> 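Pasting a structure below so you can have a look.
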Amino acid sequence: MRLDKSYQPKLHEQQIYSLWEQKHAFEPSIEGDPYSIVMPPPNANANLHMGYELTAALEDIMARYQRSLGRSVLLVPGADHAGFETQSVYEKHLAKQGRSRFDFSRDSLYQQIWDFVAENRVGFETMIRRMGVSCDWSKFTFTLDDKIVKRAYATFKQMWDDGLIYRGERLVNFCTYHGTAFADIEVVYKEEQGSLWYIKYPLVDGEGEIVVATTRPETMLGDTAVAVNPKDKRYQDYIGKSVKLPLTNREIPILADEFVDMKYATGAVKITPAHDPNDFEVGKRHDLPFISVITHEGKIAHDVPEAYRGLNIAEARQKIVIDLKGQGLLAKTRPMVHSVGHCYKCGTIIEPLLKDQWFVNMQPLAKEAIGLLNSGGISFYPESKKDELIRYLTGLKDWNISRQIAWGIPIPAFQSLDDPEEWIYDERVDQELIKVDGREYRRDPDTFDTWFSSSSWPYATLDYPDGDSYRRFYPLSVMETGSDILYPWVSRMIMLGLYVTKKPPFKSVYLHGYIRSEEGLKMSKSLGNVVDPMPLIEEYGSDAVRIGIIGGQAPGANRNFDPRNITEARNFCNKLWNIARFISEKVDSFDSEGFDFSSDFDHWIVGRYRLTKNKHVKLMNDYRFSEAYENIYHFIWDDLADWYIEASKNSPNPKLLIGLLKAVLVMVHPFAPFLSETIWQSFSLKDESLLSQKQLIDLAQEDKALAKRFSAIRELIIEVRSIQKLVDSTKAKLFYDSGESQKLVADFATLIKQLTKLSAVEKSSAGQGIAISKAGIRCRLSIDEKQIERYIQRLDKQIAEEQALVKQLEGRLSNEGYIKKAPDSLVKQSRKQLELARDNLKESLSKKRRLSL
RNA sequence: GGGGCUAUAGCUCAGUCGGCUAGAGCGCAGCAUUCACAUUGCUGAGGCCCAUGGUUCGAGUCCAUGUAGCCCCACCA
């Protein structure tokens with residue numbers, strides 16, 4: 001068991017992961033209380049980014065910690081088909097070959113993308129392994145797996161039967177390049193320079209005209225009304241009259257509607273119900289005709305004057321403006337900046353177009369969810385996200401679940417060829433036409449919004465309703481995911497979970513913020529500031545990247561990526577490695593059974609360990625991972641390495657060294673799984689892995705009085721070092737006299753000499769040197785008289801601080817309110833503090849007096 | 001326009017139920033060096049906890065207002 005001089009993650013990580021897999025160590029144990037997490041599925045077709053590293057790290061930390069408490073842990077991995085994302089990647093791939101998706105049938109396109117994704121999925125699974133995620137690969141689920149599709153169908157059917165599903169013609173955000181609708185959330189708005197055109201609409205009877213303003217003159221071909229505010233005095237006479245729509249000669253009414261802003265432009269608005277969300281609402285209120293003048297291909301439609309048919313939008317706009325000008329109907333043109341919706345993928349301007357879509361009536365579902373949240377049925381980390389979610393659910397609108405893309409789950413609905421109003425539910429989606437009772441039906445060409453199927457993720461992955469996993473592990477212990485998908489995903493999992501399983505899908509929700517770039521910007525491909533975790537894992541090791549990314553990360557808060565955290569974590573890993581290396585040179589067996597205390601520092605370190613372990617459990621149970629890591633870090637580095645190991649060098653206690661190492665490895669394992677297991681394996685003679693350790697290690701109870709002796713020596717050493725530095729003295733000697741505390745110094749003379757580099761630690765009653773006292777120890781330090789002035793300066797500073805403290809405590813204790821209202825224990829504590837502060841001050845003052853003589 | 005988050009050391013961030021003489025890592029200054037580790041050790045400097053009010057015996061922490069930055073939603077004829 002020889003260890004290299006420094007920890008080389010590359011030499012061990014992959015081997016260690018294979019070992020775990022060979023031992024089936026990631027499968028839930030038979031015994032133990034169940035603990036379950038289903039991982040949010042990342043895009044199977046893209047490289048995993050830093051955000052997923054964070055997810056993976058947090059969930060794996062939770063899983064490994066719970067295993068170390070003896071629970072039966074299920075961590076389910078998965079991958080997302082990422083509908084539209086993946087389809088557009090594939091389209092780019094096709095474009096390189098000079099082809100497009102329109103060259104293929106929907107079914108053939110689906111098959112091609114399936115194969116394309118299957119190839120890339122291998123690399124994706126490798127990445128999760130490199131991250132060290134201890135997930136049960138036998139439960140791996142893809143969002144297009146049969147059980148997920150079946151579940152989506154069952155849910156759709158249930159909703160259909162319950163009357164929660166309806167079909168409606170609505171305006172959708174349509175990308176004419178991709179040929180699909182988007183959710184509101186997916187549209188990116190950009191400020192753009194445009195124009196506001198003022199157009200005269202002549203009245204039908206009598207003289208005059210009404211002037212409307214628009215940024216989109218081409219949509220006027222679809223106008224079916226002009227609206228003014230009912231309170232607008234300027235237009236009272238116009239309400240109820242009609243105008244002749246220029247260029248088309250259609251007659252359309254002037255109507256009154258509250259939505260019109262009198263102050264904006266002319267206060268008269270052209271209404272195009274088929275191409276504007278507000279106008280759509282007005283159209284419905286006033287029962288106006290809906291005339292679509294823009295097609296799904298982004299061209300002008302056929303039922304408009306011949307001159308404009310088939311033009312694209314820009315051409316039509318130009319021609320219409322010219323024609324209006326020619327007829328003297330263009331009152332004026334003003335430049336203006338307005339925000340325009342774009343496809344987040346290709347940048348094409350999003351057109352609001354009418355489309356028949358499937359909707360889910362969200363009111364009943366949201367109500368249930370709100371009730372659950374209000375009753376505290378799910379705990380949130382951070383807690384504030386719960387109220388945020390309740391607010392969101394309260395204002396929730398109906399959900400459009402239709403998407404016009406091939407790469408998704410086909411909607412199992414068929415339309416009658418005879419009666420377009422008649423729709424039936426049927427799962428034979430592999431056929432375009434089906435026959436039922438002698439009537440023919442055509443398949444809905446649309447697919448589900450991916451959030452629809454992924455909302456069933458917590459139970460569909462566990463084989464609801466009959467699977468063993470479902471019975472044992474549902475509801476999930478925790479749902480850990482990014483706070484950015486609180487609305488689209490977490491909310492829907494809760495609503496559908498309640499609807500389908502009648503239970504909340506998880507007991508708690510842990511939301512992490514996102515990792516921003518070093519400059520504090522959002523990481524995105526277009527900015528080119530995305531950090532790929534793989535090269536970092538390659539260079540620093542998987543554990544270091546994991547620790548570096550969770551370090552200082554509180555739940556819900558966004559944080560800038562800071563590579564220094566990873567370097568720090570790498571150094572820590574190396575530190576632990578070298579502790580193990582030191583221990584490996586002092587021991588010849590991994591057996592720590594029945595160790596004996598043989599020194600005061602043995603007692604001290606065991607006491608420190610107990611404190612650390614108790615704090616560890618508390619912090620981990622509260623999901624305070626970053627603090628839990630710091631707790632272990634300081635125990636290992638400050639207590640174990642800097643003091644215990646140093647003190648051990650003279651007289652090592654092999655069994656305790658091993659006992660401590662084992663205990664530390666179990667505790668640190670969730671944070672540094674590869675490193676801890678590598679060390680464990682290099683020591684262990686038995687055929688077992690660290691990962692399957694069932695509990696945190698307890699060490700025998702120390703003697704507190706003996707531990708305190710070492711504590712005192714430790715403080716003395718720190719004080720001596722500090723004075724030595726201050727006075728620049730390397731050749732000083734430490735003198736002690738007879739007495740109880742002096743015996744302590746005598747016992748540790750060798751260690752003190754080693755750790756302070758004093759030239760001697762000896763007994764003397766001559767009284768030479770300056771007096772120092774620390775933690776009840778009194779002794780004297782010989783320092784160069786010429787440098788004593790510097791020591792006095794430090795004393796002065798110390799005295800000033802001590803005086804300030806005494807004054808503060810005196811003030812506090814002379815405050816009647818404090819004595820009366822603060823808890824007794826606190827007041828007692830303050831009294832003690834004051835007593836101590838006074839003693840210290842007295843000591844310092846007398847010290848100074850003697851030195852000044 | 002509506003909502004949210006953040007503001008603490010030069011930098012990146014912790015700070016639970018209000019008890020703080022405010023912490024960590026990095027960075028900085030100085031010193032050390034065969035013997036587990038330079039991915040090291042030791043010592044140190046460095047803070048009006050954004051501002052102003054309030055609640056309280058007591059506020060970095062709770063409340064109000066403001067300022068600055070980030071984000072989300074809605075609207076933009």
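Side chains are part of it too, since the values below use all heavy atoms of this structure and drop only hydrogens, waters and symmetry mates. All figures in this text were calculated on a predicted structure; none of them were measured in a lab.
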> Could you tell me whether B/C17 is syn or anti, where syn means a glycosidic angle within 90 degrees of zero?
syn

> Starting from Watson-Crick (N1-N3 plus N6-O4 or O6-N4) and G-U wobble pairs under 3.5 Å, report the runs of at least three that RNA chain B belongs to.
B:1-7 with B:67-73, B:10-13 with B:23-26, B:28-32 with B:40-44, B:50-54 with B:62-66

> Counting only distance, no hydrogens or angles, is the base of B/A36 paired donor-acceptor with the side chain of A/Glu646 under 3.5 Å?
yes

> List for me each residue that meets salt bridge (Lys or Arg N to Asp or Glu O under 4.0 Å) alongside A/Asp796, sequence neighbours excluded, and say none if there are none.
A/Lys848

> Listed by chain and number, what are the ring pair (Phe, Tyr, Trp, His ring centres under 6.0 Å) partners of A/Phe259, not counting sequence neighbours?
none

> According to side chain to side chain contact (heavy atoms under 4.5 Å, CB included), who are the partners of A/Thr272, at least two apart in sequence or on a separate chain?
A/Thr219, A/Asp223, A/Lys270, A/His275, A/Asp279

> For residues 620-628 of chain A, please give each side-chain donor-acceptor pair under 3.5 Å, one per line with the distance, not counting sequence neighbours.
residue, atom, partner, partner atom, Å
A/Asn621, OD1, A/Tyr65, OH, 3.0
A/Asn621, ND2, A/Val617, O, 3.3
A/Arg624, NE, A/Glu627, OE2, 3.1
A/Arg624, NH2, A/Glu627, OE2, 3.0
A/Ser626, OG, A/Gly552, N, 2.8

> By nearest atom, which of the nucleotides B/G25, B/U43, B/C37 is closest to the A/Arg721 side chain?
B/U43

> Nearest to the side chain of A/Lys649, heavy atoms from C-beta on, is which of B/U21, B/U43, B/A36?
B/A36

> Does A/Trp637 place a side-chain N or O at less than 4.0 Å from the phosphate oxygens OP1/OP2 of B/G41?
yes

> Is any N or O donor-acceptor pair between the side chain of A/Lys5 and the base of B/C37 shorter than 3.5 Å?
no

> Grab the N/O contacts between the protein and nucleotides 1-4 of chain B below 3.5 Å, and write none if there aren't any.
residue, atom, partner, partner atom, Å
B/G4, O2', A/Glu388, OE1, 3.4

> Identify the pairs formed between an N or O of the protein and an N or O of nucleotides 28-32 of chain B at a distance under 3.5 Å, and give each distance.
residue, atom, partner, partner atom, Å
B/C31, O2', A/Lys725, NZ, 3.4

> Taking ring pair (Phe, Tyr, Trp, His ring centres under 6.0 Å) as the test, write out the residues that go with A/Phe671, two or more places apart.
A/Tyr629

> Would you mind building the protein contact string for nucleotides 11-17 of chain B? One character per nucleotide, 5' to 3', B for base within reach (heavy atoms under 4.0 Å), S for sugar-phosphate only, - for untouched.
BSSSSB-

> What salt bridge (Lys or Arg N to Asp or Glu O under 4.0 Å) pairs are there with at least one residue in residues 797-806 of chain A, not counting sequence neighbours?
none

> Listed in order of residue number, which residues of residues 800-809 of chain A have a non-hydrogen atom at under 4.0 Å from RNA chain B?
A/Leu805, A/Gln808

> For A/Asn650, give me all partners under side-chain hydrogen bond (donor to acceptor under 3.5 Å, both in side chains), at least two apart in sequence or on another chain.
A/Gln754

